[in-house]
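Below you'll find the structure, written out as structure tokens, and then a few comments.
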Amino acid sequence: MGVEKIIFYIVALIMVSSATMVITVRNPIQAALFLVLTFFASAIIWMLLEAEFLAIVLVLVYVGAVMVLFLFVVMMLDINVDRLREGFTRYLPIGVVVAVAMVGMLITVVGSDNFGLDKIAEPERHLADYNNTKALGSELYTKYVYPFEIAAVILLVAIVAAIALTMRRRDNTKYQKPEDQISVKREDRVRMVNMPTEKKK
Amino acid sequence: MFEWVISIFESFPMGLQTTILILLKIVAIMIPLILCVAYLTFAERKVIGYMQLRLGPNRVGPRGLLQPIADTVKLMFKEIIIPTGSNKYLFIISPVLSIAPALAVWAVIPFDDGMVLADINAGLLYVLAITSIGVYGVIIAGWASNSKYALLGAMRIGAQIVAYEIAMGFALVGVLMAAGSLNLGDIVRGQSGSIFHWYWLPLFPLFIIYFVSGVAETNRAPFDVAEGESEIVAGFHVEYSGMAFAVFFLAEYINMILIAILASVMFLGGWLSPFEGILPETVFDIPVLGMLLGPGIHWLLLKTSFFLFCYLWFRATFPRYRYDQIMRLGWKVFIPITIVWLLVVGLLILGEVPPWWDAA
């Protein structure tokens with residue numbers, strides 16, 4: 001248990017400090033990178049909770065795909081830092097309201113009234129052959145199969161809607177047709193001309 | 001002599017003993033791996049040389065065999081130049097970010113029955129997750145260099161890796177369905193029987209797609225538009241020199257070997273011997289010949305070398321893809337094929353088609 005606790009405190013420290021850096025650092029790219037670090041640290045904490053599947057999927061989906069695209073967009077935008085900081089005092093009251101509301105909600109959920117070892121029992125330790133992925137899979141596809149599938153369909157609808165809303169076709173765009181390009185024959189492109197040889201004078 | 005070492009080792013506390021053992025195993029994987037990378041660069045130059053009717057490197061050492069050592073020494077003594085206007089911290093961190101995941105994946109690779117550093121349940125997922133982190137090294141390198149060519153290269157490779165990762169992930173889902181396990185050792189054990197029990201046969205389209213996506217993921221010819229020396233000089237690592245460049249280079253080659261070894265583990269039966277089930281069982285009991293013909297790490301290495309040779313072969317053969325065609329191949333060709341083949345695999349498993357799924 002000793003080593004585990006040390007790992008937890010180190011990783012939690014990294015996670016909290018990098019999460020703070022996300023909102024304090026000036027450069028948006030560095031902020032995105034600190035967000036990646038936060039995700040990674042939380043994956044390690046999930047791993048300590050024996051949720052190996054969720055931890056690996058967090059790295060795979062959020063670190064490996066979502067944040068890469070995020071970083072991409074931030075890199076392409078030419079963000080003027082000074083203009084971002086302009087409205088600080090104007091937006092401060094709204095920010096304070098949102099922050100207070102969020103802290104209040106967090107306290108009601110994980111405050112000492114509803115959360116703690118006396119309220120929820122300590123999760124039991126599993127043996128080395130415990131397969132978290134298998135356990136999660138069999139729960140998802142038996143007990144929660146309908147919610148799971150409905151969620152999948154909603155996501156699909158969202159993807160289709162996002163593409164349908166943002167895609168616009170212009171008439172004058174020129175597309176290439178690879179199948180036409182591949183099926184081209186020599187005869188279509190080259191004309192062999194038979195010319196009589198010139199005679200020497 | 002050895003008893004003396006062992007007695008000292010046993011006097012250590014248990015935690016320290018495991019740590020030392022794990023560190024020794026890591027060294028035992030790392031040193032051959034780095035040597036393989038060095039001689040893979042040599043093999044690449046030789047193979048492509050012969051394919052183009054040249055000799056390749058033949059001046060340093062006998063038959064040029066010391067060429068990679070000379071290259072390493074040269075790279076080590078070069079100055080690392082940090083461009084003005086670059087982001088210093090990120091510029092130095094990014095090579096580390098690209099090599100660390102490339103090395104971390106090797107923890108779950110099974111070299112022989114039970115010969116694996118970390119025998120974890122979710123091995124396949126771990127491989128996917130860790131390799132997907134490697135893209136940060138490249139993207140950050142491109143951005144931190146403060147150079148337009150580097151940024152263009154980073155953009156290209158970022159989009160390319162995200163696109164091909166999906167096809168690769170689907171190919172791995174096929175393997176996972178066929179084996180019924182995420183553990184790489186179990187995947188190999190599921191293929192035992194004969195050469196026709198290996199998953200290359202029922203998962204043939206996935207096998208091809210996996211390897212081609214792997215070539216695209218490692219940013220090698222014909223998908224090496226991120227380097228594209230004719231358009232954008234050298235892509236994301238234009239501004240890097242000396243050891244900082246060498247680390248990127250090392251990461252690229254380690255990833256190549258990784259893709260090759262994963263393809264052999266998942267589709268060509270890993271350490272299993274192709275003679276299994278063809279020759280009678282008694283042949284494997286003959287002292288030396290049986291060892292050679294029977295299953296073992298040498299078969300895995302042979303299969304891996306075959307894929308590595310294919311990498312070099314592709315590079316010498318195919319002209320570079322145009323970028324929009326790379327994207328078309330990834331999104332419009334590979335992903336639909338993998339999804340269709342996943343359905344086919346599902347039906348094959350439901351129908352308990354021999355020889356792969358009849359026993360269970």
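The sequence lines fix the lettering, A, B, ..., with proteins before strands; numbering per chain opens at 1.
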Residue pairs meeting salt bridge (Lys or Arg N to Asp or Glu O under 4.0 Å), one or both in residues 93-110 of chain B, sequence neighbours left out, come to none
Pairwise distance CG(A:Asn27) to CG(B:Asn87) - rounded to 0.5 angstrom: 7.0 Å
If we only count heavy atoms from C-beta on, is the B:Val162 to A:Phe72 side-chain gap below 4.5 Å? no
Please list, in residue-number order, every residue in residues 134-150 of chain B that has a heavy atom less than 4.5 Å from any heavy atom of chain A; write 'none' if there are none. B:Val135, B:Tyr136, B:Ile139, B:Ile140, B:Trp143
Segment of A:Leu58 engaging chain B (4.5 angstrom heavy-atom cut-off): neither
How about CZ on B:Phe248, more than 12 heavy atoms from neighbouring residues, nucleotides or ligands closer than 6.0 Å, or not? yes
Count the heavy atoms belonging to other residues, nucleotides or ligands that lie under 6.0 Å from CZ of B:Phe91, then report whether that count exceeds 12. yes
Tell me, for B:Leu128 versus chain A, whether the close heavy atoms (under 4.5 Å) come from the side chain, the backbone, both or neither. both
Does A:Asn172, at its CG atom, have more than 12 non-hydrogen atoms belonging to other residues, nucleotides or ligands within less than 6.0 Å? yes
Could you report the tightest heavy-atom contact between A:Ile56 and B:Ala122, atom names first, then the distance? CD1-CB, 3.9 Å
Could you tell me which portion of B:Leu151 (side chain, backbone, both or neither) has an atom closer than 4.5 angstrom to a non-hydrogen atom of chain A? side chain
Residues B:Ser132 and A:Gly64: closest non-hydrogen pair is OG-CA, 3.5 Å
Can you tell me how far CG of B:Asn121 sits from NZ of A:Lys134, rounded to the nearest 0.5 angstrom? 8.5 Å
Side chain / backbone / both / neither for B:Asn183 at chain A, heavy atoms under 4.5 Å: neither
Neighbour count >12 (heavy atoms, 6.0 Å) for atom OH, B:Tyr321: no
B:Ile166 versus chain A, heavy atoms under 4.5 Å apart: side chain, backbone, both or neither? neither
Most contacts with chain B, counted as non-hydrogen pairs under 4.5 angstrom, among A:Val57, A:Leu71, A:Leu33: A:Leu33
Contacting moiety of A:Val36, where chain B heavy atoms sit under 4.5 Å: side chain
